[in-house]
Amino acid sequence: MHDIHFLHPNIEMAGEFTSNEEDDETRSRSSAFCWWRTVKEFQDLVKPDLDHTLLNLTPILRLFRELERLALVADQGLDELRHKLITYRSGDFWLPAGGISKADMDVPPVITILLVGLSGSGKSSLVNLMYSVLGRSGLIPFAQTSRGSSNYTTMFLEEHNVLRSMRSGFCVYDSRGLDLNRMREGLEEISSWMSEGVRHYQPCSRTDDNAATVPQIGCQLSSARFTPRPVNCAVLVVNLAETAGAFKNGDMKPLQAIRDLFRCPAIRKSNENPLLILTHGDLLSPEERIDGRLKLCEYVGVPEGTGAYDIPCLTEQGILPEESDPVTSYALTEAIYRVLIQSDRTHLPTRKPKDWLLIVWSWIMCSIAAFFSSLAYFFSKIGRKKIH
């Protein structure tokens, strides 16, 4: 069997799907969380006589390969990657390009990550998981979720310092979920966040909201008191359990909504292929979990291996993820790491005085052109009246 090489920040690891050189203790600890190994297709594909060259990788084999990579690097890579996030400062992952130095770039003091998705997709649950894995907060819920309360929904944008550090280089914003019946309004709201920025406790109001649905504590807070932040990157959170059910039942409405959100021009402006976080996959059987991910990735047009992360969120009765499920904890940490790398690639050069002069000059010329165009239209109308 050919070796398959996996890359990890600062670590290059090589291994096969079932390496005989793995330490028995580490393998037994990780295998308990490698749910995909119980899938029949995995057992059929992973055979000593199977040629695992890149040319022969089918979509499901590429997915298995990616899941095995996460399992291989989780134990050794989690603490190292978590340390990278703790010590991260905005712009640390920026790479010189075009002859421009970092000092000439417009780098915000804090990178802002916006979580978007349909209602009930698991955004707030994902925030709580980040606190537990990255901030070592245990089971303390920092964001209220809709789980167990179908009437609750996030009514305000909420900024979360998931590292629980005064020197954190990034923050995560939890947003209100989109309604399937009002997707156009929801997409317009997201577009305004991406272009105008966001604030902590900024209201997420919709046309048919009433006073009873707005949390009383939010009414007493003013978002104007909080620092506005430009959104550097958006992450799409999808409920894999509901999505798999939609594929099974032939219900295309939620699937089309997810694809419309994925293809939103405002979101793709910062990242051509937004990262997908698939939540609640633990509610499915391993076969349904694999099949749902493959179908969703094909439907929206992203790689089934590197385009999404399967991250079951922490429940109120759960155990610390970093102690119980290193694969999930590492997947979440790597997802944030990738988002920060992508965000630092989108910084633009700082505008200099001559740039502002060019903008003002262009505005003046456009105003003059519009003025003469109006005069031409006005006098042409007068000329027609005189002719008649």
Side-chain angles (χ1 to χ4, degrees), residues 78-94 107-117 121-145 154-177 193-194 197-204 215 217-218 220-237 270 275 277 279 309 311 313-314 316 318 320-322 328-344 346-347:
L78 178 57
D79 288 337
E80 179 186 349
L81 203 54
R82 182 159 43 194
H83 177 71
K84 285 180 176 291
L85 298 186
I86 293 174
T87 58
Y88 170 80
R89 300 295 176 264
S90 180
D92 280 356
F93 300 149
W94 181 82
V107 181
V110 176
I111 294 296
T112 301
I113 303 171
L114 177 65
L115 302 181
V116 297
S121 60
K123 298 182 297 298
S124 300
S125 299
L126 187 63
V127 168
N128 287 333
L129 183 60
M130 291 180 189
Y131 273 113
S132 181
V133 175
L134 302 178
R136 299 296 185 98
S137 64
L139 301 180
I140 300 175
F142 285 81
Q144 185 175 350
T145 67
T154 302
M155 300 299 297
F156 295 86
L157 291 175
E158 298 176 355
E159 179 176 316
H160 293 276
N161 179 355
V162 295
L163 291 178
R164 300 196 302 157
S165 170
M166 295 297 293
R167 301 183 59 193
S168 178
F170 69 95
C171 66
V172 178
Y173 265 78
D174 188 11
S175 66
R176 184 176 181 179
W193 296 337
M194 297 298 295
V198 292
R199 290 176 184 263
H200 185 50
Y201 271 108
Q202 178 178 333
C204 303
I217 187 174
Q220 303 171 5
L221 297 174
S222 172
S223 64
R225 289 183 288 173
F226 299 100
T227 304
R229 300 196 187 279
V231 178
N232 300 103
C233 195
V235 175
L236 179 54
V237 184
S270 61
L275 195 64
I277 301 293
T279 62
Y309 285 90
I311 301 176
C313 295
L314 185 68
E316 288 80 359
L320 289 179
E322 62 266 29
T328 294
S329 299
Y330 180 81
L332 175 65
T333 308
E334 185 180 271
I336 300 299
Y337 178 80
R338 284 182 56 188
V339 170
L340 293 178
I341 291 178
Q342 178 60 38
S343 298
D344 277 341
T346 60
H347 301 314

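Every heavy atom of this structure was used, including side-chain atoms; hydrogens, water molecules and symmetry mates were not. Sequential numbering from 1 along the given sequence is applied to the chain's residues.
With a 4.5 Å cut-off on side-chain heavy atoms, S175 and L157 count as touching. The closest side-chain heavy-atom distance from V133 to R82 is below 4.5 Å. At least one side-chain heavy atom of Y88 sits under 4.5 Å from a side-chain heavy atom of L340. Side-chain contact between T112 and C171 is present, with at least one heavy-atom pair separated by less than 4.5 Å. Between H200 and R229 the shortest side-chain heavy-atom distance does not fall below 4.5 Å. With contacts defined as side-chain heavy-atom distances shorter than 4.5 Å, the pair K123/I277 does not qualify. The shortest distance between side-chain heavy atoms of Y337 and K84 falls below 4.5 Å. In this structure, Q342 and S270 have side chains that are not in contact, with every pair of non-hydrogen atoms separated by 4.5 Å or more.
Atom CG of L129 sits about 7.0 Å away from atom OG of S329, to the nearest 0.5 Å. To the nearest 0.5 angstrom, L134 atom CG is 13.5 Å from H160 atom NE2. With rounding to the nearest 0.5 angstrom, the CH2 atom of W94 is 12.5 Å from the OG1 atom of T346. Annotation: the span from C204 atom SG to D174 atom CG amounts to 9.0 Å, rounded to 0.5 Å. Atoms OG and NE2, from S90 and H347 in turn, are 4.5 Å apart once rounded to the nearest 0.5 Å. For the atom pair CD1 of I86 and CG of L163, the computed distance is 6.0 Å after rounding to the nearest 0.5 Å.
Taking both residues in full, the closest heavy atoms of R199 and Y173 are given as C-OH, 3.4 Å, listed atom of the first, atom of the second, then distance. Across all their heavy atoms, A331 and Y309 have their closest contact at O-CD2, 3.6 Å. Looking at every heavy atom in both residues, G135 comes nearest to R164 through O-NH2, 2.8 Å. Taking every heavy atom of both residues into account, R176 and W193 meet most closely at N-CH2, 4.5 Å. Of all non-hydrogen atoms in S121 and V237, the two that sit nearest each other are CB-O, 3.3 Å.
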Open item on the list: For L332 and L126: C-alpha separation, side-chain torsions, deciding distance, then whether side-chain contact (heavy atoms from CB on, under 4.5 Å) applies.
Closed with: CA-CA 9 Å; L332 175 65; L126 187 63; 3.9 Å; yes
Task: Test side-chain contact (heavy atoms from CB on, under 4.5 Å) applied to I336 and F170, step by step - done: CA-CA 10 Å; I336 300 299; F170 69 95; 3.9 Å; yes
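Checked by atom type and distance alone, the side chain of N161 pairs as donor or acceptor with a backbone atom of S165 at under 3.5 Å.
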